[in-house]
There are 2 protein chains.
Amino acid sequence: MFTELSPRAIRLREAGHKLTNARLTVLKVLEESDGHITSAEVLEKVAQIDSSIGRASVFRTLDLFTSLSIIRPTYINSSVTPTYVMMPDGHHHHIVCTNCNRVIEFENCGLSAITAELEARLHVKLTGHLLEFYGLCDKCI
Amino acid sequence: MFTELSPRAIRLREAGHKLTNARLTVLKVLEESDGHITSAEVLEKVAQIDSSIGRASVFRTLDLFTSLSIIRPTYINSSVTPTYVMMPDGHHHHIVCTNCNRVIEFENCGLSAITAELEARLHVKLTGHLLEFYGLCDKCI
DNA sequence: TCTGTAAATGATACTGTGTATCAAGTGGAG
DNA sequence: CTCCACTTGATACACAGTATCATTTACAGA
């Protein structure tokens, strides 16, 4: 049913997880999103593709992807419902306007040096990071 | 009832918000926490100090503090219930172990250069940031 | 290709976090 | 001291996310 596997699907299998229809569908929805998507939106789009996939499996899959650093839940505006961001190459960076909640993405975080320093000093193995800046966007300044 | 005002309380008043008993109590609980606290823990500790403070006010206050960048909600382990981190001087950094969910804090993020660069290039005004690393801690490696 | 089995699923009912509402209360400017 | 917009507490509610478990399925090994 899925003719080709995305690199993330292969990564999933190599981590010892089965490539089920539910997981591949959630992955497809995430990859086709703009990179910022709520669980409600994932549920809705998954149901459009295959209504037989249950709620629980979608949430289980989001948790699994989070533990694999494929996505990361974060807060954009309200206290409820996280927004999931894709972590291409294990990292993600954006600016959140604290007035209008607009999200501005950017590249080049320049964190590779500090990553290496932390790994050496704290004896940890870092696989990804999320960097969020807060402030006022150009329209709210 | 509160003999002295913390710098954050003064910041709150200067932003045009009233210094009510509910807000000062939530602030006190947050400042006495280790910097990582869930909404359930805030509710519990607030109730211990003053059981007349309502649930809704606690959540309203957490939202208010978030909009002021005094705290920032983030997800440590599950999809439910964010953990609130204090943002001293407007920033916070930690490492989350994706296996055991332990949180390791560290200083010196070295982000002042990129902050200035982003402000100049994108015409934004940045007031704070949250940097999360994900990976395996020394015990799970 | 077939089979066995542990992993994963879908359905359902449930838990509990966070919210809407609104009458009553209060901080703080003047 | 007074006034009033802001804030509160109580209550009932909505609904996101979870526990449970019988059923199904991916895929390793034969």
Side-chain angles (χ1 to χ4, degrees), chain A residues 1-3 5 9-27 29 37-68 71-84, chain B residues 1-3 5 9-27 29 37-68 71 73-84 101:
Chain A
M1 70 195 68
F2 284 86
T3 49
L5 294 179
I10 292 167
R11 189 167 142 203
L12 197 56
R13 178 153 60 191
E14 285 175 350
H17 302 282
K18 292 184 180 176
L19 296 185
T20 65
N21 183 42
R23 287 174 179 166
L24 291 172
T25 303
V26 171
L27 182 58
V29 165
I37 190 168
T38 63
S39 57
E41 289 166 344
V42 173
L43 280 170
E44 185 188 345
K45 293 190 179 184
V46 165
Q48 282 172 10
I49 296 174
D50 184 345
S51 63
S52 75
I53 295 173
R55 297 168 52 75
S57 290
V58 173
F59 284 108
R60 278 188 290 240
T61 302
L62 289 174
D63 283 350
L64 174 64
F65 287 180
T66 298
S67 75
L68 294 173
I71 56 175
R72 190 69 205 172
T74 186
Y75 273 102
I76 301 300
N77 30 31
S78 95
S79 304
V80 225
T81 311
T83 294
Y84 292 88
Chain B
M1 72 195 67
F2 283 87
T3 48
L5 294 179
I10 293 168
R11 191 166 141 202
L12 198 55
R13 178 155 60 192
E14 286 175 350
H17 303 281
K18 292 184 179 176
L19 296 186
T20 65
N21 184 42
R23 287 174 179 165
L24 290 173
T25 303
V26 171
L27 181 58
V29 166
I37 190 168
T38 64
S39 56
E41 289 166 345
V42 174
L43 281 170
E44 185 188 346
K45 294 190 178 184
V46 164
Q48 282 172 11
I49 296 173
D50 185 346
S51 62
S52 74
I53 295 173
R55 299 168 50 76
S57 290
V58 172
F59 283 109
R60 278 187 290 241
T61 302
L62 290 174
D63 283 350
L64 175 64
F65 287 0
T66 298
S67 74
L68 294 173
I71 55 174
T74 185
Y75 282 98
I76 300 299
N77 32 29
S78 92
S79 306
V80 224
T81 313
T83 294
Y84 292 89
N101 292 320

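Just so we're on the same page: letters track the sequence lines, and every chain starts at 1.
- Looking only at side-chain heavy atoms (C-beta outward), B/Ser39 and B/Thr81 come within less than 4.5 Å of each other.
- Between A/Val26 and A/Ile53, the closest side-chain pair of non-hydrogen atoms is not below 4.5 Å.
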Using a cutoff of under 3.5 Å, can you pull out all pairs of nitrogen or oxygen atoms linking the protein to nucleotides 8-10 of chain D, with atom names and distances?
unit_1 : atom_1 : unit_2  : atom_2 : d
D/dT8  : OP1    : B/Thr20 : OG1    : 2.6
D/dG9  : OP2    : B/Gly54 : N      : 3.3
D/dG9  : OP2    : B/Ser57 : OG     : 2.6
D/dG9  : N7     : B/Arg60 : NH2    : 2.8
D/dG9  : O6     : B/Arg60 : NH1    : 3.4

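- When the C1' atom of C/dG16 is taken as reference, atom CD of B/Glu44 falls 15 Å away, rounded to whole Å.
- Put simply, CG on A/Leu43 is 9 Å from C1' on D/dA16, counting in whole angstrom units.
- With hydrogens and angles disregarded, a donor-acceptor distance shorter than 3.5 Å links the side chain of B/Arg11 to the backbone of B/Leu68.
- Separation of atoms CD (A/Glu44) and OG1 (A/Thr38) is listed at 8.5 Å; rounding is to 0.5 Å.
- Rounded to whole Å, atom P of C/dG18 lies 16 Å from atom CG of B/Leu64.
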Using nucleotides 1-6 of chain C, report all nitrogen or oxygen pairs with the protein that are shorter than 3.5 Å.
none

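- Between B/Leu12 and B/Leu64 there is a side-chain heavy-atom pair separated by less than 4.5 Å.
- The NE2 atom of B/His17 lies 10.5 Å from the CG atom of B/Leu19; values are rounded to the nearest 0.5 Å.
- Neither OP1 nor OP2 of D/dC6 sits under 4.0 Å from any side-chain N or O of B/His17.
- Atom P of nucleotide C/dG18 and atom CD of B/Glu41 are separated by 12 Å, given to the nearest angstrom.
- Side-chain atoms of A/Arg72 come within 3.5 Å of backbone N or O of B/Tyr75 as a donor-acceptor pair.
- For the pair B/Ser39 and C/dG18, the criterion of a side-chain N or O lying under 4.0 Å from OP1 or OP2 is met.
- To the nearest angstrom, C1' of C/dT9 lies 15 Å from CG of A/Asp63.
- Protein atom CZ of B/Arg13 is 18 Å distant from nucleotide atom P of D/dC6, rounded to whole Å.
- B/Ile37 is listed as a side-chain neighbour of B/Val29, based on a closest heavy-atom distance under 4.5 Å.
- The distance between atom CG of A/Leu24 and atom C1' of D/dC27, rounded to the nearest whole Å, is 14 Å.
- To the nearest angstrom, C1' of C/dG18 lies 9 Å from OH of B/Tyr84.
- In this structure, CG in A/Leu27 is found 9.5 Å from OG1 in A/Thr61, a value given to the nearest 0.5 Å.
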